[in-house]
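In what follows, a single structure is set out as structure tokens and then discussed.
What you see is a predicted model, and the numbers here were worked out from it, not measured in a lab. In what follows, chains are A, B, ... by sequence order, proteins preceding strands, each numbered from 1.
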Amino acid sequence: MSIQATPSPERGDFIREIVAADLRDGKHQTIVTRFPPEPNGYLHIGHAKAICIDFGVARDFGGRCNLRFDDTNPTKEEQEYIDCIQEDIHWLGFDWGEHLYYASSYFEQLYEWAVYLIKAGKAYVDDLTADQIREHRGTLTEPGKNSPWRDRSIEENLDLFDRMRKGEFPNGARVLRAKIDMASPNMNMRDPALYRILHAEHPRTGDKWCVYPMYDFAHGQSDAIEGVTHSLCSLEFEIHRPLYDWFIDNLPVPSRPRQIEFARLNITYTVLSKRVLLTLVKEGHVRGWDDPRMPTISGLRRRGFPAEGIRDFAALIGVAKSDSVVEVGLLEHVIRDVLNRKASRRFAVLAPLKVVIENYPEGQVEEMDAVNNPEDPSAGSRKVPFTRELWIEREDFMEEPPAKFFRLAPGREVRLRSAYFVTCREVVKDAAGEIVELRCTYDPATRGGDAPDGRRPKATLHWISAAHAMPAEVRLYDHLFTRPDPGADGDLFADLNPDSEKVLQGCFVEPTLAEVPVGETVQFERLGYFSPDPDSTPGHLVFNRTLTLKDTWAKLQAQGKQG
RNA sequence: UGGCGAGUGGCCUAACGGUAAGGCACCUGUCUCUGGAACAGGGGAUUGAAGGUUCGAAUCCUUCCUCGCCAGCCA
């Protein structure tokens, strides 16, 4: 998507209001934002919200949004993540152009700034262990104590920091700290660590460094280097802002970025925590980072969610500072809304029941014209073969139908979509009493789906010619967790939904479905939206259910059970 | 019992001193070759609480309550 200027909203969210004011007041001529992922996992829909805000604000005001990897911790970061993150952002519909950056590109500059602070008497090398530092830090209600190493000479600090860089000390032996205020009520200001020793291979800088800057020491300065004007992040960094500003105030940085925080996304029945998602992957609870049940961007993509829907969702939930939990139903509604307009309609039978049209000529094949998308006439139509033997959905027949069941039943006539009206004449059962086949008759005058005499069946069913049906595996997905607030009882994994994936074999789909490419989502009429899984091959078709259609019949049944 | 931040129908968001708006969800109907979609209508908020300022407060002030975040050599 190209970044283009659109009229700035009179009154947008609070961030856009700040940006608009800064532009109006001449504080900035043009604005720059950035999306700063740490390459330690896959992006999820919470990041998608942030991406839509970061890139969206820049776009709305004719500015620019950089992609900058916050790669300051080589023990957790991998090239695979760097690659997938870029793919996901592009798929979402955003582009950073030439502005791809890495915090690791600024390591030399950051090191120089650390030396600058030492020389200014504002940073020192601490020999305390991590445990001792913690003890000295105090608590939320008690001030901390100064480290005994806090007042080393500048010369000694310079020498020690230089030797830290040269690799003379093991991991954890020493740390460079800012000299601020051990009694600050803000824990972040109690002499925060700036650099730690990490003898680790970095995905981009290799073994060049063995000291790495902490997030706080890298982020704001990286923003300043890139000329970022508005550094948008989530609420948990609000408490870091005084420190963010302290570095900007005390360092000769080339620009003065402003950090603005917004509430991160929470969604019912889902967990948006990279740590938890990583565990789900590592412990094999899901098929991988891109499992269709995962809230990752790659998972949603594999599930069949269109990027447009995710963008619409981000726009709909808005931007604010209050913690909130969005109902997953809203996401699903937005996705259905996009898919209803865009998805091609097809026939597929998940649980097949054989139907034989007794009065239909054996061996005859008719090509029925089926509309591809009633919402979009330009989508045209396709030919679907009709023959004497068909598959219909098992759920579409009941031998003893309850009052509100409108579908097929003995003696009842229904419409086969885009084909004929058929009437059930006989139910064939096996020795066990299981229904194995329905004997029906059709009305030749109803070809195409309309009766000359104007009669209208209460139900219209989807169907597939048995001779033309393509076998397929279909994977049905449901929420990964059983409760809206997974883990609220303490054990997150106890809340995993054992039925979040159901794999159906022996499904049948219409022939055209063999050609749907991965990445496209179609509607199986009356069933829902489905998308081919990457596991799908010409010899073994596999479809993922993206979402069901809204199903008032299922709802009625559910209510009946409760009542 | 430290600091920072946030409280608006079930959920999300708006209202920028002028009398609570929209989306989702829910409920009714209409229509329909998807029990989908679409369309029409409906119920539901004394804006966390109590005071105060004002002709007038969700908006300003005070106190209180609740929730979130912060004590990594993670980001």
Side-chain angles (χ1 to χ4, degrees), chain A residues 11 13 17 36-38 40 70-73 75-77 126 128-130 133-135 137-144 171-177 183-190 192-198 211-212 214-216 218-219 233-242 261 263 268 274-275 316-334 336-337 340-341 345 347 370-371 373-375 404-407 415-419 421 446 448-450 456-462 484 523-528 548-556:
Chain A
R11 252 186 203 174
D13 51 75
E17 284 180 12
E38 183 192 10
N40 67 342
D70 234 328
D71 53 349
T72 57
N73 185 354
T75 65
K76 291 186 178 172
E77 298 155 4
D126 197 340
L128 255 30
T129 64
I133 287 181
R134 189 179 318 114
E135 285 161 15
R137 189 153 28 226
T139 68
L140 295 176
T141 52
E142 306 160 36
N171 288 355
R174 287 179 228 267
V175 75
L176 182 74
R177 293 227 258 169
S184 171
N186 182 341
M187 301 294 285
N188 292 291
M189 301 300 271
R190 318 244 265 227
L194 269 33
Y195 270 88
R196 75 284 217 190
I197 299 171
L198 247 32
V211 290
Y212 291 92
M214 298 288 291
Y215 163 85
D216 286 305
H219 203 94
C233 63
S234 45
L235 246 31
E236 63 266 34
F237 292 101
E238 202 159 29
I239 198 81
H240 291 249
R241 189 169 3 110
E261 314 84 12
T268 55
K274 274 199 206 173
R275 182 184 58 77
L316 216 51
I317 58 177
V319 184
K321 290 198 74 159
S322 62
D323 289 305
S324 57
V325 184
V326 178
E327 291 176 344
V328 71
L330 179 60
L331 206 213
E332 295 170 349
H333 166 264
V334 174
R336 282 193 184 96
D337 191 53
N340 176 52
R341 286 183 278 111
R345 266 110 255 227
F347 291 161
V371 170
N373 186 346
E375 303 295 317
K404 287 184 177 172
F405 184 84
F406 305 143
R407 286 110 95 149
R415 172 167 39 225
L416 293 183
R417 175 134 237 235
S418 308
F421 290 5
T446 58
D450 285 303
R456 293 171 158 178
K458 284 278 273 182
T460 299
L461 311 187
H462 58 279
Q523 182 190 110
F524 288 179
E525 291 220 30
R526 301 208 306 132
L527 296 175
T548 60
L549 249 27
K550 281 214 296 192
D551 189 343
T552 52
W553 166 241
K555 197 167 164 181
L556 268 179

Have a look at A/Phe405 and say if it touches a base, only the backbone sugar-phosphate, or nothing, with a 4.0 Å heavy-atom cut-off.
base
Tell me whether A/Asn373 contacts the main-chain N or O of A/Arg341 through its side chain, where contact means a donor paired with an acceptor under 3.5 Å.
yes
With a 4.0 Å cut-off on heavy atoms, is A/Val325 in touch with a base, just the backbone sugar-phosphate, or nothing at all?
sugar-phosphate
Less than 4.0 angstrom between a side-chain N/O of A/Ser184 and OP1 or OP2 of B/G3, yes or no?
no
C1' atoms of B/U54 and B/G3, separation to the nearest Å:
34 Å
Separation between the P atoms of B/C61 and B/G7, rounded to whole Å
14 Å
Expressed as a whole number of Å, how far does the C1' atom of B/U46 sit from that of B/A57?
13 Å
Starting from Watson-Crick (N1-N3 plus N6-O4 or O6-N4) and G-U wobble pairs under 3.5 Å, report the runs of at least three that RNA chain B belongs to.
B:2-7 with B:65-70, B:10-13 with B:21-24, B:26-30 with B:38-42, B:48-52 with B:60-64
Once you measure the plane-to-plane angle for A/His240 and A/Tyr215, does it fall in the parallel (<30°), tilted (30-60°) or perpendicular (>60°) bin?
perpendicular
Sub-3.5 Å pairs of nitrogen or oxygen atoms, protein against nucleotides 72-75 of chain B:
| from | atom 1 | to | atom 2 | distance (Å) |
| --- | --- | --- | --- | --- |
| B/G72 | OP2 | A/Arg134 | NE | 3.4 |
| B/G72 | OP2 | A/Arg137 | NH2 | 3.0 |
| B/C73 | OP1 | A/Arg137 | NH2 | 3.2 |
| B/C73 | OP2 | A/Arg137 | NH1 | 3.2 |
| B/C73 | N3 | A/Gly172 | O | 3.3 |
| B/C73 | N4 | A/Leu128 | O | 3.0 |
| B/C73 | N4 | A/Ala130 | N | 3.1 |
| B/C73 | N4 | A/Gly172 | O | 3.0 |
| B/C74 | OP2 | A/Arg196 | NE | 2.9 |
| B/C74 | OP2 | A/Arg196 | NH2 | 2.9 |
| B/C74 | O3' | A/Arg196 | NH2 | 3.0 |
| B/C74 | O2' | A/Asn73 | ND2 | 3.1 |
| B/A75 | OP1 | A/Thr72 | OG1 | 2.7 |
| B/A75 | OP1 | A/Arg196 | NH1 | 3.3 |
| B/A75 | OP1 | A/Arg196 | NH2 | 2.8 |
| B/A75 | OP2 | A/Tyr215 | N | 2.9 |
| B/A75 | N6 | A/His240 | NE2 | 3.0 |

Show me the protein contacts with nucleotides 25-27 of chain B, counting only N or O atoms at under 3.5 Å.
| from | atom 1 | to | atom 2 | distance (Å) |
| --- | --- | --- | --- | --- |
| B/C26 | OP1 | A/Lys555 | NZ | 2.8 |
| B/C27 | OP1 | A/Gln559 | NE2 | 3.3 |
| B/C27 | OP2 | A/Lys555 | NZ | 3.0 |

For A/Gln523, report the nucleic acid contact type (base, sugar-phosphate, nothing); a contact means any heavy atom under 4.0 Å.
base
So if I take every side-chain heavy atom of A/Pro185 and compare against B/G35, B/G2, B/U34, which nucleotide ends up nearest?
B/G2
Nearest 0.5 Å please: distance from the CG atom of A/Asn171 over to the CZ atom of A/Arg196.
10.5 Å
4.5 Å side-chain heavy-atom contact, A/Arg345 and A/Glu375:
yes
Syn or anti for B/G22, with syn set at within 90° of 0?
anti
Do the side chain of A/Ser184 and the main chain of A/Met189 share a donor and acceptor less than 3.5 angstrom apart?
no
What is the nucleic acid contact for A/Ser418, judged by heavy atoms within less than 4.0 Å: base, sugar-phosphate only, or nothing?
base
Tell me whether A/Arg415 contacts the main-chain N or O of A/Pro457 through its side chain, where contact means a donor paired with an acceptor under 3.5 Å.
no
A/Arg417 side chain to A/Ala370 main-chain N or O, any donor-acceptor pair under 3.5 Å?
no
Heavy-atom distance under 4.5 Å between the side chains of A/Asn40 and A/Asn73, does that happen here?
no
Taking only the side-chain heavy atoms of A/Met187 (C-beta and beyond), determine which of B/U34, B/A71, B/C24 contains the nearest atom.
B/A71
A/Val326 versus A/Leu331: any side-chain heavy-atom pair under 4.5 Å?
no
When rounded to the nearest Å, what value does the distance between C1' atoms of B/U30 and B/C16 take?
42 Å
Where the side chain of A/Asp323 is defined as all heavy atoms beyond and including C-beta, which of B/G68, B/C24, B/U34 is the nearest nucleotide?
B/G68
Of B/A37, B/U32, B/C24, the nucleotide closest to the side chain of A/Arg456 is B/U32
Nearest-angstrom distance, P atom, B/C4 to B/G9
26 Å
Does a side-chain heavy-atom distance below 4.5 Å link A/Arg241 with A/Asn188?
no
Using a cut-off of strictly less than 4.0 Å, decide whether A/Ser324 has a side-chain nitrogen or oxygen near OP1 or OP2 of B/A6.
no
Salt-bridged, A/Glu238 to A/Lys321, with N to O below 4.0 Å?
yes
A/Glu17 CD to B/C16 C1', straight-line distance once rounded to whole Å:
8 Å
Can you tell whether the side chains of A/Lys555 and A/Asp551 come within less than 4.0 Å, N to carboxylate O?
no
Below 3.5 Å, does any donor atom in the side chain of A/Glu238 face an acceptor in the base of B/C70, or the other way round?
no
What integer number of Å spans the C1' atoms of B/A6 and B/G43?
30 Å
Earlier contact from the 5' end, RNA chain B, for A/Leu140 and A/Ser322
A/Leu140
Roughly how many Å apart are B/G17 and B/G10, using the C1' atom of each and rounding to a whole number?
30 Å
By nearest-heavy-atom nucleotide on RNA chain B, the more 5' of A/Thr552 and A/Lys321 is A/Lys321
How would you label the contact of A/Val319 with the nucleic acid (heavy atoms, under 4.0 Å): base, sugar-phosphate, or nothing?
sugar-phosphate
Looking for any heavy atom pair under 4.0 Å, which part of the strands does A/Leu235 touch: base, sugar-phosphate only, or nothing?
nothing
To the nearest 0.5 angstrom, please state how far the CD atom of A/Glu332 sits from the OG1 atom of A/Thr548.
7.5 Å
Using atom P of each nucleotide, how far apart are B/U8 and B/U13 to the nearest Å?
8 Å
